[in-house]
Chemist: 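I'd like to ask some things about the structure below.
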Amino acid sequence: MHGETSLSSVKAVRSAFFDKLAAKGTDAKAIGDELFDLAELLDGNRQLERSLTDPARSADDKVKLITTILDGHVDPLTLEVAQAVASRRWSRPEHIADAVEDVAIDALLANADARDVTAQVSFQLADLHSALLNLPVVRQRLSDPHAEPEQRVKFLDTLLKGQPLDQITLDLAEHATRNLRNRRYLSTINWVIDMITEHRGRSMVTVTSAVPLKDEQIVRIKNAYRRKLNRNVYVNCVVDPRVLGGMRIQVGSEVTDNTVAAQLQNLKRAVA
């Protein structure tokens, strides 16, 4: 996606729904499935895309349009996402479908988070990517725009039959061939893996300490931030011998610094 307006809009929409999708837990998968369907609807209806991204139309008018189409047919949260993207401004009409697809992936990953299998999904997709690198004929079939989408999905399912893959892995692998969106299969899988890396980073708790943390310390930190953020978190431990006692914990831009150095700095400020 290119264009500052679109980049700003998709960032705002994804941020607004990150915690809402996390709160859905395993039910977030249904939201993701519906959003994938919406992205496909938009891809297949350029007139609708133009209507929802026309800068001459008011945000209220565009929200009314998407509400008329979806209300009563999708989950209320799916509708809320659709209304949010319709209310934003986009650099190009097709970027609205890109944004819907991004949130759909966030929704599926919220399901994986709730089951603590997000890393597993990433590893499985990476294995799939590696397996297909030396199979150009297979990749061509999965990226064939002239084949019916369900034919491509059926071919993929035959390839993966019997593999112990998580359902979210299968959903993402199937989406990559069902709705090509002018992309090659492997490039889409690679992009999804990058999305998972970014997604995990948004729930990453980075702990810096002078010595390695004990397992029970990591568990306490993980549980505390899971309760605080209302979603599963990942603890990234960094050992830095320069740290003088205590630990420094960072989640996004929020930093809790309980190191001796930080306490001394606070003391100096108080005395000054």
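Below, all heavy atoms of this structure are taken into account, side chains as well, without hydrogens, waters or symmetry copies.
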Chemist: Could you grab the distance from atom CG of L172 to atom OG1 of T188, nearest 0.5 Å is fine?
Modeler: 11.0 Å
Chemist: Restricting to pairs with a member in residues 138-147, which pass side chain to side chain donor-acceptor pair (under 3.5 Å), not counting sequence neighbours?
Modeler: none
Chemist: Quick one: ring pair (Phe, Tyr, Trp, His ring centres under 6.0 Å) partners of F18, sequence neighbours excluded?
Modeler: H199
Chemist: Testing V100, V103, I31 for side chain to side chain contact (heavy atoms under 4.5 Å, CB included) with T78, which one passes?
Modeler: I31
Chemist: Please confirm whether the backbone N or O of K214 pairs with a side-chain atom of Q217, one donor and one acceptor, at under 3.5 Å?
Modeler: yes
Chemist: With clusters defined by side-chain heavy atoms of hydrophobic residues (ILVMFWY) lying less than 4.5 Å apart, directly or transitively, does I168 cluster with F123?
Modeler: no
Chemist: Are W191 and L133 in one and the same hydrophobic cluster, where Ile, Leu, Val, Met, Phe, Trp and Tyr link if side-chain heavy atoms are under 4.5 Å apart?
Modeler: yes
Chemist: Donor-acceptor pairs under 3.5 Å, side chain of residues 233-241 to any protein atom, not counting sequence neighbours: which ones?
Modeler:
{"residue": "Y234", "atom": "OH", "partner": "D113", "partner atom": "OD1", "Å": "2.8"}
{"residue": "Y234", "atom": "OH", "partner": "T118", "partner atom": "OG1", "Å": "3.0"}
{"residue": "D240", "atom": "OD1", "partner": "R242", "partner atom": "N", "Å": "3.0"}
{"residue": "D240", "atom": "OD1", "partner": "R242", "partner atom": "NE", "Å": "3.0"}
{"residue": "D240", "atom": "OD2", "partner": "R242", "partner atom": "NE", "Å": "3.4"}
{"residue": "D240", "atom": "OD2", "partner": "R242", "partner atom": "NH2", "Å": "3.1"}

Chemist: Rounded to the nearest 0.5 Å, how far does CZ of R89 lie from OG of S6?
Modeler: 10.5 Å
Chemist: Test V13 against D102 for side-chain contact (heavy atoms from CB on, under 4.5 Å), laying out the working first.
Modeler: CA-CA 10 Å; V13 171; D102 285 356; over 6 Å; no
Chemist: Checking T206 now: which residues fulfil side chain to side chain donor-acceptor pair (under 3.5 Å) with it, not counting sequence neighbours?
Modeler: none
Chemist: Test of understanding: clusters of I, L, V, M, F, W, Y form through side-chain heavy atoms closer than 4.5 Å, transitively. Do L65 and L41 belong to the same one?
Modeler: yes
Chemist: For the CG atom of N190 and the CG atom of L128, what is their distance to the nearest 0.5 Å?
Modeler: 11.5 Å
Chemist: Answer yes if L180 and V153 sit in the same cluster of Ile, Leu, Val, Met, Phe, Trp and Tyr residues linked by side chain heavy atoms under 4.5 Å apart, and no otherwise.
Modeler: no
Chemist: Could you walk me through whether L142 and L132 pass the side-chain contact (heavy atoms from CB on, under 4.5 Å) test, one step at a time?
Modeler: CA-CA 10 Å; L142 292 172; L132 294 177; 4.0 Å; yes
Chemist: Would you confirm whether Q124, through its side chain, and V121, through its main-chain N or O, come within 3.5 Å as a donor-acceptor pair?
Modeler: no
Chemist: For Y185, which residues count as a ring pair (Phe, Tyr, Trp, His ring centres under 6.0 Å) partner, sequence neighbours excluded?
Modeler: none
Chemist: Locate the shortest heavy-atom distance separating N179 from A39; write the atom from each residue and the value.
Modeler: ND2-C, 4.3 Å
Chemist: So H95 and V10, do their side chains get closer than 4.5 Å, heavy atoms only?
Modeler: no
Chemist: Between the side chain of T68 and the main-chain N/O of K64, is any donor-acceptor distance below 3.5 Å?
Modeler: yes
Chemist: Which pair of heavy atoms, one from A107 and one from A28, lies closest together, and at what distance?
Modeler: O-CB, 3.3 Å
Chemist: Check whether the side chains of E4 and S91 place a donor and an acceptor atom closer than 3.5 Å, and report yes or no.
Modeler: no
Chemist: Got a sec, which residues hit salt bridge (charged side-chain N to carboxylate O under 4.0 Å, His left out) with R184, two or more places apart in sequence or on another chain?
Modeler: none
Chemist: Of the non-hydrogen atoms in V85 and W90, which two are nearest, and what is the gap between them?
Modeler: O-NE1, 2.8 Å
Chemist: Side chains of L213 and V207, heavy atoms from C-beta outward: is any pair under 4.5 Å?
Modeler: yes
Chemist: Look up atom CG in L21 and atom CG in L109, then write down how far apart they are to the nearest 0.5 Å.
Modeler: 10.0 Å
Chemist: Provide the full list of ring pair (Phe, Tyr, Trp, His ring centres under 6.0 Å) pairs with a residue in residues 32-79, sequence neighbours left out, each pair given once.
Modeler: F36-H175
Chemist: Looking only at heavy atoms, what is the nearest atom pair of L156 and A173, with distance?
Modeler: CD2-O, 3.3 Å
Chemist: Show every salt bridge (charged side-chain N to carboxylate O under 4.0 Å, His left out) that has at least one partner inside residues 11-29, sequence neighbours left out.
Modeler: R14-D106, R14-E198, D19-R231, K20-E80, K24-D75, K29-D33, K29-D171
Chemist: Only counting residues at least two apart or in another chain, list the ones meeting salt bridge (charged side-chain N to carboxylate O under 4.0 Å, His left out) with R183.
Modeler: E101
Chemist: With side-chain contact (heavy atoms from CB on, under 4.5 Å) as the test, would you mind laying out the steps for L125 and V192 before giving the verdict?
Modeler: CA-CA 8 Å; L125 288 174; V192 171; 3.8 Å; yes
Chemist: Is the shortest side-chain N to carboxylate O distance from E174 to R152 below 4.0 Å?
Modeler: no
Chemist: Please enumerate all residues that pass ring pair (Phe, Tyr, Trp, His ring centres under 6.0 Å) together with H129, with sequence neighbours excluded.
Modeler: none
Chemist: Check whether the side chains of R115 and N111 place a donor and an acceptor atom closer than 3.5 Å, and report yes or no.
Modeler: yes
Chemist: Just jot down the side chain to side chain donor-acceptor pair (under 3.5 Å) partners of K228, sequence neighbours excluded, or say none.
Modeler: E254
Chemist: Rounded to the nearest 0.5 Å, what separation is found between the CZ atom of R88 and the OG atom of S9?
Modeler: 4.5 Å
Chemist: Specify the closest pair of heavy atoms between S122 and I193, including all atoms of both residues, with the distance to one decimal.
Modeler: OG-CG2, 4.1 Å
Chemist: Test: side chain to side chain donor-acceptor pair (under 3.5 Å). Region: residues 46-62. Which pairs qualify, not counting sequence neighbours?
Modeler: R46-E49, R57-D61
Chemist: Kindly indicate, with the supporting measurements, whether the criterion side-chain contact (heavy atoms from CB on, under 4.5 Å) is fulfilled by Q250 and R248.
Modeler: CA-CA 7 Å; Q250 180 169 357; R248 181 180 186 272; 3.2 Å; yes
Chemist: To the closest 0.5 Å, what do you measure between CG (D166) and CG (L170)?
Modeler: 7.5 Å
Chemist: Kindly work out whether a path of hydrophobic side-chain contacts (I/L/V/M/F/W/Y, heavy atoms less than 4.5 Å apart) joins L165 to V138.
Modeler: yes
Chemist: Quick one: do the R220 and N223 side chains pair a donor with an acceptor below 3.5 Å?
Modeler: no
Chemist: What closest approach, in Å, do T67 and L79 show between heavy atoms, and which atom pair accounts for it?
Modeler: CA-CD1, 4.0 Å
